[in-house]
Protein chains: 2
Amino acid sequence: MNKREHRFGELLEAHHVRKTSHRLSVLNALSSREGATSQPDLEATMSPEINRVTLYRILKTFEEKGIIHKVIDLNGTANYALCSPDCTEHGHHDQHVHFSCSVCNRLYCLDTVRIPSFRLPNDFEAADTYLVVSGTCARCSKK
Amino acid sequence: MNKREHRFGELLEAHHVRKTSHRLSVLNALSSREGATSQPDLEATMSPEINRVTLYRILKTFEEKGIIHKVIDLNGTANYALCSPDCTEHGHHDQHVHFSCSVCNRLYCLDTVRIPSFRLPNDFEAADTYLVVSGTCARCSKK
DNA sequence: TTAAGTGCAAAATCTTTGCAAATGT
DNA sequence: ACATTTGCAAAGATTTTGCACTTAA
């Protein structure tokens with residue numbers, strides 16, 4: 001077991017989730033991508049080793065336990081990314097800008113770009129803010 | 001034909017879309033709601049007068065012609081709202097904040113709240129920005 | 001008259017559920 | 001040993017497609 005796998009093993013233990021080979025594969029796949037990975041993408045990558053239904057369940061469990069978070073992109077497709085260490089099962093901290101490239105379809109988590117603050121009308125109480133920018137990413141704009 | 005219907009008739013003509021009674025009903029339904037209306041909501045409202053499939057097609061046409069715009073909420077559900085006059089088939093101008101109430105599920109278009117500007121990393125080119133705030137809306141926070 | 005819109009049936013997807021077998025602790 | 005996880009089949013839900021009939025212009 002290499003270092004990365006070991007790290008993921010500990011991650012699962014820390015969240016009280018059983019350490020199975022499928023779950024480790026999913027964590028590996030997610031961590032090897034830049035930004036978030038779409039459900040269809042992930043499905044294609046893991047297939048046929050991991051059953052489609054099992055993947056749904058793994059992602060659901062991970063999300064509930066605060067191991068990954070889900071970002072819905074502008075097409076309504078679910079994308080997943082590993083959480084930062086301060087996510088818990090009680091709440092995700094995902095207050096950064098997402099960038100959805102319309103050329104390559106990558107979804108980036110721009111951790112360095114914070115969502116600027118703004119005022120809501122009276123009596124509107126914000127719990128979470130999601131900001132998605134669509135356009136052309138650095139990789140694609142250089143081609 | 002009352003004033004509102006007349007207005008919608010002209011709206012359809014202006015976008016080179018045929019004026020049918022179903023299309024007028026959909027426009028009426030959309031305009032009678034505050035903010036955007038979800039596809040399932042709309043389906044329930046129009047049923048059984050308008051067939052489910054027809055509704056899909058009407059919404060698709062309206063979106064393509066720049067009559068309505070689609071906002072995907074945090075659950076990945078499509079919501080629709082009438083466009084402001086400066087939307088065309090070449091691009092929607094929807095640069096305001098959306099608010100998704102987790103209590104009543106209403107999706108508000110907060111036209112008065114502009115999306116603040118922020119800088120993207122080098123070589124990322126923004127085309128559109130979508131900002132959705134979830135939380136409790138004014139109506140629900142007062143109860 | 002004729003091109004576009006509509007309803008119905010059916011296909012194609014996407015997501016969830018039930019249950020028996022396999023696996024982790 | 002025992003609770004959890006997994007695969008498979010099947011149910012549900014959502015969205016798209018094909019085709020005959022109807023309607024707007």
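Since the structure is predicted, the reported quantities are computational estimates derived from the model, not experimental observations. Letters A, B, ... are given to chains in the order of the sequence lines, protein chains preceding strands, and every chain is numbered from 1.
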| message | Which residues pass the salt bridge (Lys or Arg N to Asp or Glu O under 4.0 Å) test with A:Asp41, not counting sequence neighbours? | response | A:Arg33
| query | In whole angstrom, what separates A:Ile58's CD1 from D:dT4's P? | reply | 16 Å
| With no hydrogens and no angle check, is any side-chain donor or acceptor of A:Ser134 less than 3.5 Å from a backbone partner on B:Ala127? | no
| Does A:Ala44 offer a backbone N or O that forms a donor-acceptor pair with the side chain of A:Ser47 under 3.5 Å? | no
| Reckon A:Glu49 touches a base, only the sugar-phosphate, or nothing at all at heavy-atom distances under 4.0 Å? | sugar-phosphate
| said: Filter on ring pair (Phe, Tyr, Trp, His ring centres under 6.0 Å), then keep only pairs touching residues 17-50 of chain A, sequence neighbours left out; what's left? | reply: none
| message | Could you tell me how far apart A:Leu24 (CG) and D:dT5 (P) are, to the nearest whole angstrom? | response | 13 Å
| remark: Once base and sugar-phosphate atoms are separated, protein heavy atoms under 4.0 Å mark nucleotides 11-23 of chain D, 5' to 3', with B, S and - as ---SBBBB-----
| field | Whole-Å distance separating the NE2 atom of A:His15 from the P atom of D:dT4 | value | 18 Å
| message | Let me test you: for the helix from C:dT1-D:dA25 to C:dT25-D:dA1, what is the angle between the axes at its two ends (five pairs each), rounded to 10 degrees? | response | 40°
| said: Closer than 3.5 angstrom, by distance alone: can the side chain of A:Ser25 be matched with the main-chain N or O of A:Ser21 as a donor-acceptor pair? | reply: yes
| task | Go through the structure and list residues passing ring pair (Phe, Tyr, Trp, His ring centres under 6.0 Å) with B:Tyr80, not counting sequence neighbours. | result | none
| field | Start and end of the DNA chain C segment that chain A contacts, any atom under 4.0 Å from a heavy atom | value | C:dC14 to C:dT25
| For the side chain of B:Arg106 and the backbone of B:Ser100, is there at least one donor-acceptor N/O pair under 3.5 Å apart? | no
| Passing candidate, salt bridge (Lys or Arg N to Asp or Glu O under 4.0 Å) with A:Glu13, options A:Arg18, A:Lys65, A:Lys19, A:Arg7 | A:Lys19
| Counting distance only, does the side-chain N/O of A:Asn75 pair as donor-acceptor with the main-chain N or O of A:Thr77 below 3.5 Å? | no
| With ring centroids as reference points, do A:Tyr130 and B:Tyr130 lie under 6.0 angstrom apart? | no
